[in-house]
Each structure stands twice: as structure tokens, then as C-alpha cells.
Amino acid sequence: MSAPKLTPVGEQLKKSLHNISAHDRYYKSLENQEKLHVPNVANVLLIAYEQLRNASENIEDHLLMQQAILRYYRRTVLFAGKSSVKGLGKELIIELTQAQYLKNDSIPLSKVEALDTLLNDCYELYWKVTNKRKDIPKKTVEDWILELVSVKSEQVLNNPIRLLSFVHLAHAHFTNLIDYDRVLDKDDQVEPQDRPTVLYISIHKALLKSNDANVRSGLFDLHTIPLDNVDRFVDFNVQYDTLADLPATTKLSRLITKNGAPLRVLRSAFFTDADTLGVEELASETKTLNIVDSAIKQAYRQVRKSVDRGIIKSVIFLLITKALIGLFIEIPYDLVVMGSIIILPLVINLLFPPLFIAITALTIKLPGQANTDAIRNYIKAMIYQTPAQSTLSIKYTEAASRSAVFNVLYVLLFIGVFYLVAWALSALQFNIVQGIIFVFFFSTASFLGYRLTVQVKELQHVSADNGLLTVIRNFLYVPFIYLGQKISYRFGKLNIIAQILDAAVDLPLKTMIRLIRQWIVFLGNKQDELL
């Protein structure tokens, strides 16, 4: 029986699997090299701190290591005056290993040298840019450099071939399907030559939940920009900052999110780890689709676990934030203005938002068999050509009415919901500060809870029917989701708690641990000299 004929996307998938296999063989050849061993010094303390720091960050799990690397470089790389960065690569691996981002005795010494070379080249680029391009603020150049080197450092330590191959495949798939005239308005300032770049950014944001640092790095490689070309480096970053902030990029991201369920399963089946499908299995349609079925089931299980983890992280995040605000704002206000601590509002503000997130999670239902069949058939049509080839298509969002009446009703909805909440809080003896704090935390909890439901929606290829209770619930707390989104965005930009931890704990703690480790090595050398 002859092998099934592949579609253009299927052919690209086959090529990607060949490249991945070659990369795996290369990385396996490094296993025999000497590895860096990290002594166990205060590991428990450092791990506990990293858990606390990550909870305050409230970001996607796959970005935690890159953010830890970025924090390390912000702490150790000096831009006030030029200095040596030699040896920072080794210290980075030690810190990541102690915090359990890396397994001990897993990083070849050759990668230590690669990190030092990468950091030195990027550091030298900073000084070249700031000396030649006085029109660019130094802080902006510093951010560009640190974002780039943090992602490239993670890629030195963890092979990025699967992630990058998946992005290219998804880009090819959507390039052939998207009708930009149905997505973008006439007011959207996107030149035709910039559409592929905007699509690339949107795929990263929608399917991989990438931050700007990862997207910037991916495009940097695609443009093959040398680290010694100052003008190309600056022009690239200025263009990226412009395109990433366009409303058109957000619109495309939403469209890809809406149509991304099959791609997410495809990534799980082909681009996750070394045990996923190989080129040989791709020649058998039956084997391929069996693995796709397994990937769909695994995706459902994984999203359930992700929701559960998200609940825990969100609750910890809310409790930490509420404890600090209660300690520095709510309790002092009660003591000064009211003369005593008002217990009921304090308890409600502390417990209600986490309970709301937990209750929201209980209402989340995973997709059913119809959704599973639809994803399976879509992936089959993506990869294999058949005599009765089904046409793949994009589901576009129906344009919302711009009726002035609807806009007025939407505003009245906001006002009415917040009025009902204010009335209820007043009946519970909340003062103005306690009321503001309640709205702040309930809005944040609403947005965090909504993000948990979005994880399930991202696996829905068949639209789910919303019941009356769901419609009523959404009607009542959409205003809080909207406000929570704005708060989370502003808070994410400032992230005062993370800044406090970095200044008060991160630097002194990790400096102390490094000094203790160096002291232990020094004592060990002195003992060896006595032999």
C-alpha cells in the first residue's frame, strides 16, 4: 500500500521532523561531555523564594525560566560603566540549577563558554549602539539587549528547535487561509509587506503565549541580523516595537486564538518532546491519527491540570497582594479614621476573591466528543491529501453592531452593576477605602478566573452553546472582567510586589548564597593544600 500524499503543510511538517531529528542527534552527542556540577548550598531556601517570586509575577509557566534569566542579568550586568562580563554564564547556570530550573550535572561545560560568548557579544553591542545612535534612549537599548540575551541564553540551555519549527508551520498554515480584508479595517496601519511579520507576532502571542522578548528573538533570527550591525539592530527593534503595539496585531491574535485548537493539538503531537511522532510514522495515516487522538486527550488532561495550577497561583497572588495592601493601607486607615479595625469588610476582602476564583473553576467543563472529532478531521485535512479533500477555512468573528443604542446600553450595564455592588457594600458597613479595595480585588479575581476559562476555550474547535445561567453570569461580571484586565495590565507593568521582592530579597539573598558557596569552595581548596 502506497504512502498517503501529503499537503504542502504536511510536506513542511515532514521537513520539520527531519530537522528536529538532526538536532536531537547533535544534542545527544553532547551527553558525553564533562558537565558542570553545582554544590548544594541553601537550595531549599532559594527554591522557596523562587516559588514566591514566581507567584508574584503571575505569568505563564513556560516563561518563568526566561524571566529568571532576565532578572539575573538585570542584577549582574552593569551598564553604568563598562565592565567585564566574563564568568557570568557559569554563575547563571549555578543559580538556575539551585532554583531547580535545571537538573544538576546536566549542562556541558561547552555551554558555559557559549553563554559567556553570547553575553559578551550582546554587551559589546550595547556600547556600540549607545555610542553611535544617540537618538535612542540608553534604557531602551538596555531593554532590547537584555531581552535578547535572556532568550538566547535559555535557548543555549534548552534546545528551541521544536518551538521554532512549530511557529514556522503555523505561519505557513495561516498565511494560506487568512483573508486580511476580513480582519483588518481601513484604519489599521499595516503595510502589505509587514503582514507576514504581524502574523508571526500574532501566532507567537496566541498559540505560544510568548512575551515580547521571545517574539523579538524569533524575528531577530529570521532576519539574520549580525550582532555587530548597529543600524540594522536598531531599525529592527524600532519596527518590532511599532508592529507589536498595533491594533491589527491584537485583531490577528484574537483570530488565531479562535482558530487555534487544531494547531495546539498538532504542536502537542509533533513538537513537544523526543517521544512525539517521527517521519516514519507520518507515512502511515492510521498511526498519525491515532497519535493525534492521544494528543487531544492529553491536551484535555493538561488543560485541567493547568486550570488547577492557575487556581493555586491566582489565590496565592491575591493573598500576597491583599496582605500587603491590608497591612499598609486598609488596617492603618481603619485605625486612624474609624478608630478600630472593622473585621467583616477585612475578612470579606481577604477571602471572597479567592473563593470566587475557586467557584469559577468548578463551572469549567472540558470539550466533548464532537469537538474531538472536529479537531481530528481538521488535522487530517491539514496533513494529507484525499480524493474528497475537505476545504480548510477560518472562522471569522461576526462584526459587532455599532448601534448607538447598544453602546448606551453597554455603558448603563457598567453603571448599573457597579451601583448594585456599591449598594451591597454599603449595607455591609464598608467604608470608601474598603469598597475600593473590594472592587479592585474582585475585578482582578474576575479577570484571573476568566483567563482560566479561556484555556478551555482555546481547545474548542466546535462552538459551545452557552446556557441561560452562563449568559446571566457573563452579563453581571463582564464589567469586572474589563476593569480587572486594565488593573492587571497596569499592575503587570509596575508589579510593585515583584519590585519589592527584587530589591529587598532577591539581591541580598542570592548574593549571600553566592558568597557562602564561594567560601565553601575556598575552604575546600585550603584543605586540599594540606594533603
Side-chain angles (χ1 to χ4, degrees), residues 50 53-54 56-77 79 85 88-89 92-93 95-96 99 101-102 114-115 118-123 125-126 129 136-164 166-168 170-171 197-225 227 232-246 249-250 253 488-489 491-495 498-499 502 506:
E50 283 296 320
R53 182 60 176 76
N54 291 340
S56 70
E57 196 76 60
N58 198 34
I59 60 175
E60 300 290 334
D61 288 347
H62 68 275
L63 297 175
L64 293 175
M65 181 172 169
Q66 185 258 324
Q67 285 296 104
I69 295 172
L70 180 60
R71 295 201 310 271
Y72 170 81
Y73 283 136
R74 289 195 186 281
R75 193 176 71 245
T76 58
V77 179
F79 293 99
V85 293
L88 293 183
L92 171 63
I93 295 174
E95 185 169 303
L96 293 175
Y101 290 108
L102 299 172
L115 284 176
L118 169 68
L119 180 56
N120 183 73
D121 291 345
C122 291
Y123 190 62
L125 178 59
Y126 168 83
V129 173
I136 307 295
K138 290 185 177 180
K139 183 62 172 63
T140 299
V141 180
E142 179 183 331
D143 289 339
W144 288 345
I145 293 293
L146 291 180
E147 283 192 1
L148 180 65
V149 74
S150 66
V151 176
K152 294 303 177 192
S153 296
E154 182 180 20
Q155 291 178 349
V156 168
L157 301 171
N158 291 324
N159 185 3
I161 182 64
R162 285 175 169 79
L163 183 148
L164 298 178
F166 169 73
V167 174
H168 295 159
H171 192 277
T197 301
V198 172
L199 178 60
Y200 183 91
I201 296 172
S202 302
I203 288 172
H204 255 283
K205 300 277 188 178
L207 298 182
L208 301 177
K209 299 292 190 295
S210 297
N211 57 11
D212 283 322
N214 283 275
V215 187
R216 192 189 302 272
S217 173
L219 284 170
F220 190 86
D221 289 341
L222 287 176
H223 287 77
T224 59
I225 299 173
L227 285 177
R232 283 194 65 192
F233 176 80
V234 171
D235 292 343
F236 162 79
N237 282 287
V238 169
Q239 184 192 36
Y240 174 81
D241 289 341
T242 300
L243 295 179
D245 289 336
L246 289 177
T249 306
T250 302
S253 294
S488 296
Y489 175 78
F491 188 84
K493 288 290 185 181
L494 297 175
N495 207 342
Q499 293 180 26
D502 287 346
D506 196 280

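Hydrogens, waters and symmetry mates are skipped; everything else that's a heavy atom, side chains included, is used.
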Does some side-chain heavy atom of [Y] sit less than 4.5 Å from a side-chain heavy atom of [X]?
X: Ile145; Y: Tyr73; answer: no
X: Ile201; Y: Thr197; answer: yes
X: Leu227; Y: Leu148; answer: yes
X: Phe166; Y: Leu208; answer: yes
X: Val234; Y: Val238; answer: yes
X: Ser153; Y: Leu119; answer: no
X: Leu102; Y: Met65; answer: yes

Applying side-chain hydrogen bond (donor to acceptor under 3.5 Å, both in side chains), can you list everything that pairs with [X], at least two apart in sequence or on another chain?
X: His168; result: none
X: Ser202; result: none
X: Asp221; result: Lys152
X: Tyr72; result: none

- Partners of Phe79 by ring pair (Phe, Tyr, Trp, His ring centres under 6.0 Å), sequence neighbours excluded? Tyr123, Tyr126
- Item | Under the ring pair (Phe, Tyr, Trp, His ring centres under 6.0 Å) test, residues paired with Tyr200 that sit two or more places apart | His204
Looking at every non-hydrogen atom in both residues, tell me the closest pair between [X] and [Y] and how far apart they are.
X: Ala170; Y: Leu207; value: CB-CD1, 4.1 Å
X: Leu115; Y: Gly89; value: CD1-O, 3.7 Å
X: Ser253; Y: Ala206; value: O-CB, 3.4 Å
X: His171; Y: Ile203; value: CA-CD1, 3.3 Å

List the residues meeting side chain to side chain contact (heavy atoms under 4.5 Å, CB included) with [X], not counting sequence neighbours, and say none if there are none.
X: Gln239; value: Asp194, Leu243
X: His62; value: Glu60, Lys209
X: Asn237; value: Trp144, Arg216, Phe233
X: Asn120; value: Val85, Glu124

- Query: Donor-acceptor pair, Ser150 side chain versus Glu147 backbone, under 3.5 Å?
  - Reply: yes
- Task: Give a yes or no on whether the backbone of Asp245 and the side-chain of Thr249 come within a donor-acceptor separation of less than 3.5 Å.
- Result: no
- Please report the C-alpha distance between Val151 and Phe220 in whole Å, then the side-chain angles of each, then the deciding distance to 0.1 Å, and finally whether the side-chain contact (heavy atoms from CB on, under 4.5 Å) criterion is met. CA-CA 11 Å; Val151 176; Phe220 190 86; over 6 Å; no
- Item | Electrostatic pair Arg71-Glu95, nearest N-O below 4.0 angstrom | no
- salt bridge (charged side-chain N to carboxylate O under 4.0 Å, His left out) involving Arg74 - partner list, sequence neighbours excluded: Asp143
